[in-house]
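All remarks here apply to the structure that follows.
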Amino acid sequence: MATNGKTILDAQGFCFEMLNALKEKYGFRTELRLPYDGNWGKRLENGTWNGMVGMVNRSEVNLGVAGFAISQVREEGIDFTIPFYEEPSAILMPPPKPGSKLFAAVLMGRE
């Protein structure tokens with residue numbers, strides 16, 4: 001990603017490919033800005049938001065484009081699209097030994 005400190009000059013990745021497809025289809029322009037504080041966004045103790053979430057919440061920008069983690073707390077400050085990408089990362093571990101109850105509580109909660 002190339003920037004001049006405040007504005008993104010060149011961005012790549014799936015989210016930006018989606019944004020470019022929408023721009024082409026609907027004919028709008030964009031100016032890509034970095035979050036003023038470099039944060040994605042969380043609610044602060046005083047109830048305001050920082051980062052990209054705060055910029056959208058305060059209508060300083062029209063939308064935020066990134067791989068945001070959708071959370072109930074963030075949904076109190078902004079609205080999300082329907083998720084369109086799922087990260088396939090996982091934690092690997094050896095198979096459980098016979099009779100192991102390591103994940104018993106997790107499995108019971110999913111039934």
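Note that these values count all heavy atoms, side chains included, but never hydrogens, waters or copies made by symmetry.
Expressed to the nearest 0.5 Å, how far CD of E60 lies from OH of Y36 amounts to 7.0 Å. Taken from NZ in K23 to OG1 in T30, the straight-line distance is 3.0 Å, to the nearest 0.5 Å. Rounding to the nearest 0.5 angstrom, the gap separating the CD1 atom in I78 from the CD1 atom in I70 is 9.0 Å. The line from CE of M52 to CG of L63 is 10.5 Å long, rounded to the nearest 0.5 Å.
Shown here is F28, whose CZ atom has more than 12 heavy atoms of other residues, nucleotides or ligands within 6.0 Å. A 6.0 Å sphere centred on CD of E75 holds more than 12 heavy atoms belonging to other residues, nucleotides or ligands.
Within the 3.5 Å criterion, the main-chain N or O of K42 finds a donor-acceptor partner in the side chain of N50. Judged by distance alone, the side chain of N20 and the main-chain N or O of F16 form a donor-acceptor pair under 3.5 Å. A donor-acceptor pair under 3.5 Å links the side-chain atoms of N46 to the main chain of T48, judged by distance alone. Using modelled atom types, one side-chain atom of D37 and one backbone atom of G51 make a donor-acceptor pair closer than 3.5 Å. Judged purely by atom type and a 3.5 angstrom limit, R74 has no side-chain atom pairing as donor or acceptor with the backbone of F68.
Of all heavy-atom pairs spanning W49 and V73, the tightest one is CH2-O, 3.1 Å. Of all heavy-atom pairs spanning V65 and C15, the tightest one is CG1-CB, 3.6 Å. Nearest heavy-atom pair across W40 and A66 is CZ3-CB, 2.9 Å.
Between F14 and F84, the ring-plane angle classifies as tilted under the 30° and 60° cut-offs.
The pair R33-E31 meets the salt-bridge criterion, since a charged nitrogen lies less than 4.0 angstrom from a carboxylate oxygen.
Hydrophobic clustering of Ile, Leu, Val, Met, Phe, Trp and Tyr side chains at less than 4.5 Å, counting indirect connections, unites L22 with L32. If you chain together hydrophobic residues whose side chains sit under 4.5 Å apart, V61 and F80 fall into the same group.
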